[in-house]
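Below, chains carry the letters A, B, ... as their sequence lines are ordered, and counting in each starts from 1.
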Amino acid sequence: MTDTRLIGRLRQILSDVAPELDVAAIPDEADLRNDIGIDSMDFLNFVIGISKQLSVAIPEADYGKITTLAKCADYIGRSKTVAG
Amino acid sequence: MTAAPLKITYREAVKQAIREALARDPRVFLMGEDIGRYGGCYAVTKGLLQEFGEERIRDTPLSESAFVGAGIGAAMAGLRPIVEVMTVNFSLLALDQIVNNAATIPHMSGGQFAVPLVIRMATGAGRQLAAQHSHSLEGWYAHIPGLKILAPATLEDARGMLWSALQDPNPVLIFEHVNLYNMEGELPSDAGAVPIEGAALRRQGRDLSIVTYGASLHKALAAAKQLAGQGIEAEVIDLRCLRPLDDATITASIARTRRALIVDEGWRSGGISAEIGMRIAEQSFYDLDAPPMRLCGAEVPIPYPKHLEDAAIPQIETIISAATSLVRPS
Amino acid sequence: MTAKPHLDGAHARRLLGQMIRIRLFEEKCAELYTRGKIRGFLHLYIGEEANAVGVMEALTADDSVVSTYREHGHALARGIAMGPLMAEMYGKANGTSGGRGGSMHVFDRATRFYGGNAIVGGGLPLSVGLGLAERMRSGRGAAVCLFGEGAVAEGEFHESLNLAALWKLPVLFVCENNLYAMGSAIERTESETDIHRKAEAYRIASQRVDGMDVVAVEAATRAALEHLRAGEGPQFLECRTYRFRAHSMFDAQLYRDKSEVERWKERDPIKRFADWSVAARLLHKTDIADLEKAAAVEVDQAVAFAEAGDWESVADLGKFVLMDKVPA
Amino acid sequence: MIDFRMPSLGADMEKGTVVEWLKKPGDAIARGDVVAVVETQKGAFEIEVFDAGVLREILVAVGNQAPVGAVLARIESIGAGVPVGAEVPPPAPPSPTRAPPVALKPPPAAPSGERLRISPAAARRALELGVDARGLRGTGPQGAITIADVEGAAPKPSEAPTPPRRGFDPSAMRQAIAAAMARSKREIPHYYLSLPIDMARSLEWMSAENARRDVEHRLLPAVLLLKASALALRQVPQLNGFWIDGAPRLSQAIHVGWAISLRGGGLMAPAIRDADRLSLDQAMAALRDLVTRARTARLRGSEMMDPTVTVTSLGERGAESVLGVIYPPQLAIVGFGAARPSPAVVEGRFAVRPLVHATLSGDHRASDGETGGRLLAAIDRLLQTPEAL
């Protein structure tokens, strides 16, 4: 199940990283790199934002698991459950 | 509430104005050459002699200076004369009286005497009357402080300016363009006095302001209509009064259109168009997007043959061409 | 022609007194001109006093006067106070026209004085209009138009005489023929030097009168006005006179002999009338001295009045170019 | 009235002598007109005005000396654009947020002395809009510049000179890129070299590093490429610098212009100054900072003008290689394609390795292929020992 509030937070973080994007219009299932054009630097910044704001440190090895907002939310939700 | 409109000519509108003045004010009388038995050179005063009698419809000898001067004297003594001078060219024979007396006495006497006089005269070209009957010298008179100079171009003004002029304590010269006398149109049957100051916006537009008066007004309006077909919207200002000039209406228009075309049958050099142009330069300089332009009478004595006479004064085509070159150069 | 009026002492004193006033006023003007108090053109009336005094003596308050640029004498004789007249010479605000007109343009509404006119002939059409107004309102007044013989050459003279005669208007034309239009002798400018005959050509009743004789001028004027008020139309007087001084202040008088001036001075209208009045026992010599003294005092007072006057504010420069209303 | 003062033409200028007035009282003055010639210890300078108006009064006559800041003349201002009595403002520095993505030489100024034919209304409008009317094409009578011409050249209201929040004006950027690239291809004889580089060691080293690091201090392959390029240029300095006035002018400092492509379209290459001297962490921080500011259009003008060389990396999903166009007047551009697992011969045997195609575009006027080849070889070498970067 997708946490819409969490996805909202992720959109906000993405917006900080890439202010020129209309983040509200990004579908939950869109591939951030291939569809939206988020490059490695943006992606790193995105991960850093998640780390700072949601206190979830995503290892580089897991980058492949957070390619969309939905997957990212899923990942974070799961990692929080595991952690907490 | 306006009464039903009447179909009427400019000539008839002037006559109605004179008749009304004679009927309303016993101090008013009319004098001039051939205004009585003949009925007026342009038939404006036809029938008035029978209606008002010889005391008030006075045929004069061909003595422009004497009867214009007599008008001044009578006005100073308390009457309200309407003096008709057959054409502006003849008024030059009375120039001494108009310029040296009528225009100066109120000021020179320290305000002791006013000259509440109205002088009407025909002006302008267009009837193949050649060089001694066709000139437009109203701009000359507009040079003179102490005079008011009117140029009624519409039926309303032809009908309404005279009464206001008679109420004015100053000498007022009314210039009636010969080509307007036959102009026909509708006028409310109860049409009356109109103010004798201020210009009138006869057409609105955004691309240029055509500043004109008298018979040229109608050419300008016709030109504006055709220009609209080419996408050029001309604003047309009828000056109505050449002295004092209504600078405010002109500058307000130019602030909108940023271009000015002055159309004047009179000669360019030293003419009223030069005066208007200079005022535009003085007052509207920073609003101008193009040099002010003039379309004036050719600097020749108006010739007799039709084609040459037409070529000597502004026409609809030349107005269109001037306006186009102003708005769309190249 | 009506006989000479029967003069009494008071009448003689009045005529002589007016002429002396004019003479002394003009002499003072000449002096003030050289001192720079009066500027512009200054045309003096000295020698011609009998015309103004004789004509004005015959007028009533209903009559109106149109004059020329040599009009100080006309104005004084018509009753315009000397103080405002002198102030007008100065160009002061307490002048007759508020200083606007100066020497050549004296106007006075109260005495129906319609101006000194500095265009030769320019006043004649005005007087026709004034006469026309009288006629149309059935008034009793006459329009009296004074002009020099120079005006006779102007078209406006002929146009005006013709129109006044044609319409039988109550206009009295008074030609002060001093023989010179500026420097042009009448023989050099007129084909017909007998001016009054020109008026006759327009069927205007016309007389020639000795302009150096104040009684003759007065008598002729009274006679003319009698016909005029009887509805006989315009009248014409030619007053033969002479100016003793130059045309205006800056005039070397190259056009006439001093001897000619001296000859005319022998006919000085003031001396002549004074001598005659004494001889006729209408006046004593002391009366004349008193008149001169009174006139001198009046002139001094007029100068003081003018000197004390203010200049019109420059802010009022444009005032009366256009009138707000017709003065009541 | 506006005071026209003795300008300061340099920090060491204390005074000047007026040697000529080119305008006299009563003359109309357009912004940019040369009004006086002033002699200084450095020679004679033409002095221009920054106001439009009418010269009213000259206070310092020809031949007289005046200190910097002294009022030389008074100008009556026209229009509402200039506050009356205001000090002459110094010429505004180019707004950083408005800087073009590439440094271009300013267009040649209109020859002074030649009067601009412009309608009064257009002149006033130009003042209001801050449009420099020189160079505009007039469509009015006698070829005069009209209001419409001025308004057509003015920035659109939506691009008003407030700092744009959402990046650069794409069309202006496009124009700037077009101009620079066209000039490059017109003027610079490019040569191209290519070398596949085995990134296995670098990437392995980086992954290990990143696994140890917290999120904020992770590295990206890009920083390795950046640092390797910078260090390689230290070894092959012939490719670092500019081609100016017909000769190479090499730079000691290595300021790497890092190409950043913008999602809205367009490209910029701001400088990472002294990239060869930065540690990897410093370089990473600089790179992050630069990209972030590029996204928010907060780069400084100098960052645009500083690069001595350009490096472009297509990232992990792009094309295999990039044959770059040199950014004039630089001498070279280094390109990196996407790292892909590719067949490679390692120690005589086929193996699948993450290869990056490194390329070099060089200015053949300044260097030859041999030099370029040395640069690519140096980069390759450096990337094989990432721990030393």
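- Counting only heavy atoms from C-beta outward, the side chains of C:His105 and B:Thr104 never approach each other to under 4.5 Å.
- If you measure heavy-atom distances from B:Pro106 to chain C, the contacts under 4.5 Å come from both the backbone and the side chain.
- Counting only heavy atoms from C-beta outward, the side chains of B:Arg80 and C:Val326 approach each other to under 4.5 Å.
- For NE2 of B:His143, the number of neighbouring non-hydrogen atoms (other residues, nucleotides, ligands) closer than 6.0 Å is 12 at most.
- In this structure the side chain of C:Pro327 never reaches within 4.5 angstrom of the side chain of B:Gln112, judged on heavy atoms.
- With a 4.5 Å cut-off on non-hydrogen atoms, C:Asp324 touches chain B through its backbone but not through its side chain.
- The residue among C:Leu163, C:Thr96, C:Val128 with the most heavy atom pairs within less than 4.5 Å of chain B is C:Leu163.
- Atom CH2 of B:Trp140 has 12 or fewer neighbouring heavy atoms from other residues, nucleotides or ligands inside a 6.0 Å radius.
- What you find for B:Ser65 and C:Pro125 is that their closest heavy atoms are O-CB, 3.6 Å.
- Minimum heavy-atom separation, B:Gly110 to C:Phe320: O-CE1, 3.3 Å.
- Between B:Ala77 and C:Ala133 the shortest heavy-atom distance is CB-CB, 3.6 Å.
- The shortest distance between side-chain heavy atoms of B:Ile105 and C:Tyr114 does not fall below 4.5 Å.
- Residue B:Thr60 touches chain C through both its backbone and its side chain, counting heavy-atom pairs closer than 4.5 Å.
- The environment of CD in C:Glu200 is crowded: more than 12 heavy-atom neighbours from other residues, nucleotides or ligands sit within 6.0 Å.
- Rounding to the nearest 0.5 Å gives a distance of 4.5 Å between CZ of B:Arg58 and CG of C:Leu132.
- Atom CZ of C:Arg137 is surrounded by more than 12 heavy atoms from other residues, nucleotides or ligands within 6.0 Å.
- Of all the listed residues (B:Gly146, B:Pro116, B:Ser109), the one sharing the greatest number of non-hydrogen pairs under 4.5 Å with chain C is B:Ser109.
- Other residues, nucleotides and ligands contribute only 12 or fewer heavy atoms inside 6.0 Å of the CD atom of B:Glu197.
- A donor-acceptor pair under 3.5 Å links the side-chain atoms of B:Asn101 to the main chain of C:Gly122, judged by distance alone.
- The minimum heavy-atom distance linking B:His107 with C:Leu317 is given by the pair NE2-O, 3.0 Å.
- At a 4.5 Å heavy-atom cutoff, the contact between B:Phe29 and chain C is made by side-chain atoms alone.
- For C:Leu130 against B:Gly73, the heavy-atom pair with the smallest separation is CD2-O, 3.4 Å.
- Residues C:Phe113 and B:Phe113 share a closest heavy-atom pair of O-CE1, 3.7 Å.
- If you measure heavy-atom distances from C:Arg112 to chain B, you find no contacts under 4.5 Å at all.
- For B:Gln167, no part sits under 4.5 Å from any heavy atom of chain C, backbone or side chain.
- Taking C:Glu88, C:Glu134, C:Arg135, C:Arg109 one by one and counting their heavy-atom pairs under 4.5 Å with chain B, the maximum is reached by C:Arg109.
- Under a cut-off of 6.0 angstrom, the local environment of CZ in C:Arg39 is crowded, with over 12 non-hydrogen atoms contributed by other residues, nucleotides or ligands.
- B:Arg243 does not touch chain C: none of its heavy atoms, backbone or side chain, sits under 4.5 Å away.
- Note that CE of C:Met136 and CZ of B:Arg27 are 12.0 Å apart. Values are rounded to the nearest 0.5 Å.
- Counting heavy atoms from C-beta outward, B:Gln97 and C:Leu126 have side chains that approach closer than 4.5 Å.
- Looking at C:Leu166, only its side chain comes within 4.5 Å of chain B, counting heavy atoms on both sides.
- Only the side chain of C:Ile119 comes within contact range of chain B, judged by heavy atoms closer than 4.5 Å.
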